[in-house]
Amino acid sequence: MTFVYLLVFGFAATAVLGLITSWIDRKVTARVQYRVGPPFLQPIIDIVKLLGKETVIPAGASKRTFLIAPVIGISGVIAVATLLWVNQFFSEGFMGDWIVAIYLLAIPSLSIILGGFASRNPLASLGASREMKLVIAYELPFILAALVPVINAHSIRLSVIIDSQAGGVFAGNISGILALTVAILCVQAKLALVPFDIPEAETEITGGALIEYSGPGLAIFKLMKNMLFFVLPFFLIILFFGGLRLNGINILWTVLEYVGIVAIITVIRNTNPRVRIDQAVRFFWGPITLIAVVAVVLALKGL
Amino acid sequence: MSLKLKALLKSPWVFHLSTGSCNNCDIEILDCLTPRFDIERFGMLLIGSIKHADVLLITGSCNRMSVERLKALYEQVPKPCLVIAIGTCAGSRGIFKDSYNCPVPLDKIVPVDVYIPGCPPKPEAMIAGVVKLIEKVGGAK
Amino acid sequence: MSFKLIVDALKNPDGFFASTPLSLLCAAFAALFFILIVIYSIKHMKGRKGIWRYYIYTIATFASTLGVLFAANFMILLIFWGFLGLLLYLMIAFGRKEGTPATARKALIIVGATDVLMLFGIVLIWKITAGSSGFQGLLHMPITGMGIPLSGTASVIAYLCFASAAFAKAGAMPFHTWVPDTAENAPTPVTAYLPASLDKLLGIYLLARVTLDVFQMTPTMNTILMAIGSITIVAAVMMALIQHDLKRLLGYHAVSQVGYMVLGIGTGNPIGIAGGLFHMFNHAIYKSCLFLSGGAAERKAGTGNLAQMGGLVKAIPLVFMTFLIASLAISGVPPMNGFASKWLVYQGVITSGDSLWVLWLIAAMLGSALTLASFMKLIHTVFLGQPSEGVKKILADKKQKGTGLSTAIPLVVLSALCVSIGVFAWKIPFGALFRPEVSGPIDSPGIWQSGTATLMLIAGLVIGYLIYLAGTLKKARVVEPFVGGETLEENPDMRVSGVDFYKTIMELGLLKGIYRWAEKKLFDLYVVAGKFVAGFGVIFSFMHNGILSRYFLWFIIGLVVLCIVLI
């Protein structure tokens with residue numbers, strides 16, 4: 001049965017929703033800048049176009065690692081998406097899948113780093129090393145923020161976390177609000193969006209870790225990022241809003257929550273300059289961790 | 001028209017390559033991204049790495065230092081790739097035609113698909129040129 | 001006396017030796033590592049002076065390990081334990097680096113000093129339990145089933161003595177400092193054999209034995225263990241981030257991973273203990289794989305300095321593969337074996353009910369992220385990235401490519417174990433294998449569904465591959481990397497070595513000061529104690545300066561003190 005979930009939800013639904021999210025992001029960005037923006041089908045057209053382009057491999061690179069890195073990344077996203085969908089609709093997760101989800105969410109970053117390192121390009125190496133530093137910067141507050149629902153629900157099963165919010169969502173508590181704020185900023189960094197687009201920094205290291213990718217490899221990476229753009233807000237909704245609720249008026253709420261998170265991320269991305277990597281590390285390990293710690297302490301006190 | 005080509009024409013990512021221009025054309029290219037012109041409407045994006053590019057926007061008169069690098073870079077673009085020569089310098093070397101520093105015209109180095117004249121060309125002219133290119137490529141096959 | 005005891009014991013093993021499922025399992029692993037290390041040593045140690053002695057020491061180490069594992073008697077345990085410390089000293093001395101003698105001495109002193117502590121602990125236990133049965137009672141004191149409550153001061157001190165012996169052997173803080181030094185200065189097989197696998201197995205085995213069998217833990221002591229574990233995890237991995245030597249970096253990871261085992265055992269519940277012990281086996285597998293792969297890379301490059309390596313993947317692709325698998329395992333990337341045991345440790349921490357569980361959980365999870373970071377740095381600087389001048393010469397020479405069979409066999413076996421144990425982790429019956437240390441049921445949360453997760457990941461890989469097939473992979477073209485139209489060959493300064501990837505973090509506010517202290521070795525117990533002893537020397541030389549008047553002064557002071565005491 002798992003395979004059916006996997007193929008139907010893990011990949012197809014996530015990919016479609018991810019592409020739509022990516023379009024929302026680009027459209028909102030354009031509207032913020034008083035532009036018209038791309039047509040609705042633009043993200044999928046981009047992917048199809050990249051699939052048709054030639055694959056070029058940098059000379060002297062580790063060819064196998066270079067080619068397999070995107071596949072590893074997308075398999076991580078598919079696995080975590082399946083895990084979330086299964087918990088959402090079938091309550092069939094297993095004990096401790098919270099930990100598994102958090103670990104699987106690190107695989108996309110890992111694949112970008114491996115790909116960047118394997119491409120024998122100094123700029124890609126720099127970009128990948130920045131990505132790595134960003135990972136260790138945001139991981140601490142992200143885990144702390146994700147712990148708040150666990151403390152509230154007294155369980156590290158995602159399905160229990162969803163169920164225990166039937167009476168009231170965790171985002172309604174003070175601790176929940178603080179943790180959600182922290183988590184959204186961490187998601188911003190996980191997606192490598194401005195102000196944390198340091199690993200890609202197009203104007204500076206011209207695409208960073210992805211600089212050498214073309215054709216299908218780049219298509220898979222783009223698809224992975226788009227899927228992640230859906231999966232991460234979805235994860236936050238499960239943790240803080242009790243999952244997607246698809247009955248009656250709740251559909252509206254769910255859509256509002258989802259679009260709200262995406263819109264916040266997009267607006268942050270459009271109103272900030274890029275920070276330096278040491279500023280990002282300082283930011284995440286300083287004030288953000290502090291807020292997350294406060295949230296955890298409040299959650300332990302039952303607030 | 002194949003799906004590949006259709007997708008390519010709907011999402012041409014442009015890479016901006018200056019071969020010794022005076023930067024005027026380069027600034028005008030950036031103008032195309034501004035709210036007034038907004039080339040993202042056509043799916044165009046200005047990207048940072050040449051490995052992601054579908055269209056090369058070449059400006060400048062191809063000086064000696066640039067020639068070999070331009071050749072090397074054209075090798076690196078994943079095909080199919082289109083080339084647009086922007087500005088009078090790229091089109092015909094302009095006033096540098098007899099200069100010691102500009103030995104070869106651009107179209108002797110790489111195949112050029114569209115020339116957009118002007119010093120610098122207006123953003124409208126560039127967009128018109130790109131649209132013509134799309135029509136040409138789309139209509140030909 | 002000790003030989004007589006052993007001879008007695010061998011003649012009549014009842015009461016001296018006994019086996020439990022856990023010690024049998026440990027022994028099986030020890031045998032596996034023994035065989036693999038011998039295979040690896042054939043090529044690596046070729047042509048060294050006194051090589052026959054090396055093999056004798058290897059065999060003696062294995063025998064002593066078995067002695068410790070099957071000892072049912074404190075004295076037997078202590079004797080074999082002491083042999084192991086001595087053998088460690090002798091085996092480190094096979095290194096050919098400048099710091100080797102000092103390192104061997106340091107290891108001997110730290111391990112030896114904690115052996116003395118252990119003897120003290122044994123005497124204390126003898127005092128507590130059977131103080132009246134005389135010296136013979138001390139010699140025949142059995143290990144199992146004592147269950148001494150940690151209520152009195154004496155029992156707490158006895159426990160701490162045993163724990164410090166275990167920590168020193170396994171390399172947990174604060175007795176860890178010999179491990180990175182050994183990693184740097186000892187030969188690779190020795191490092192992979194002792195600090196990375198056997199000493200870890202023994203140290204954690206003793207800790208588990210003492211914690212669960214000999215003493216009855218209190219919540220406070222559990223919290224202390226968990227605190228030590230968490231600090232070890234984070235502090236050691238932070239040190240690893242900034243190292244410049246390949247094996248020294250790996251050595252710090254060997255310390256950091258001990259933290260997970262101590263943390264797991266400190267949770268005091270079956271899941272956590274099973275996790276800690278499971279992590280011990282997993283660690284021994286991936287760590288020796290890492291050391292052996294790193295040693296092969298170092299041998300190929302001719303140096304362990306990270307700045308002079310890079311691009312070795314073209315010369316030794318097999319070693320790269322095994323190193324990559326093992327580093328994913330140590331970072332706990334699912335579905336490798338490291339994740340399975342870390343998952344159990346996390347479960348144990350969460351269900352432990354300790355008031356500070358959030359802190360321990362965060363330390364453990366952050367430790368994983370930092371481990372991943374430092375291994376990514378290693379993978380870039382050693383295998384990927386651009387080759388250094390020295391490596392370019394190796395790459396140009398066709399003869400030097402490839403890995404010898406004696407190197408390849410251990411690497412392939414160990415990395416295959418990393419993957420297969422991880423994938424089939426949910427099938428492992430921890431309750432049966434880890435008896436008697438893991439007594440309670442661990443079925444309630446169970447092990448994580450590694451099988452399902454692996455299927456999901458494999459399906460993801462297939463989907464990714466299908467996308468590739470839809471693309472144009474077959475007509476791939478090789479071109480130069482894009483660095484703005486320049487060529488990398490003509491610009492050697494464009495090489496990014498990756499050694500200083502984490503300099504940003506090192507220079508961050510509070511961390512800057514801590515790192516500076518660490519560089520001054522203020523956290524190295526050996527150095528601090530050495531300075532302390534040297535301080536005594538200054539006092540003594542002040543007292544005995546040979547001037548008569550000062551001796552008279554001491555004489556008078558002594559008289560006065562004597563008078564006061566007597567009156």
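This is a predicted model, so every value here is computed, not measured. Letters A, B, ... are given to chains in the order of the sequence lines, protein chains preceding strands, and every chain is numbered from 1.
- Ranked by heavy-atom pairs under 4.5 Å with chain C, the first of A/L144, A/V135, A/L123 is A/L144.
- Under the salt bridge (Lys or Arg N to Asp or Glu O under 4.0 Å) criterion, A/K49 pairs with B/D54, not counting sequence neighbours.
- Checking side-chain atoms of C/E480 against main-chain N and O of A/P58 turns up no donor-acceptor pair under 3.5 Å.
- Expressed to the nearest 0.5 Å, how far OH of C/Y465 lies from CD1 of A/I220 amounts to 11.5 Å.
- Ranked by non-hydrogen atom pairs under 4.5 Å with chain C, the options A/E139, A/K63, A/R282 are led by A/R282.
- Across C/V313, C/L457, C/I350, C/L361, the residue that shares the most heavy-atom pairs under 4.5 angstrom with chain A is C/L457.
- Put simply, CZ on C/F375 and CG on A/L110 are 13.0 Å apart, with the number rounded to the nearest 0.5 Å.
- Contact count versus chain A (heavy atoms, under 4.5 Å) is highest, among C/V479, C/I379, C/L370, for C/V479.
- With a threshold of 4.5 angstrom between heavy atoms, C/L324 approaches chain A through side-chain atoms but not through N, CA, C or O.
- Using a 4.5 Å cut-off between heavy atoms, C/T351 does not touch chain A at all.
- In terms of heavy-atom pairs under 4.5 angstrom with chain A, the leader among C/V333, C/L461, C/I467 is C/L461.
- By the neighbour-count criterion of 12 heavy atoms within 6.0 Å, atom CG of C/L241 is densely surrounded, having more than that number from other residues, nucleotides or ligands.
- Remark: A/S62 OG to C/F320 CZ distance equals 5.0 Å, nearest 0.5 Å.
- Most heavy-atom pairs under 4.5 Å with chain A: of the set C/K377, C/M376, C/K342, this distinction falls to C/M376.
- To the nearest 0.5 Å, the span separating OH on A/Y103 from CE on C/M336 amounts to 14.0 Å.
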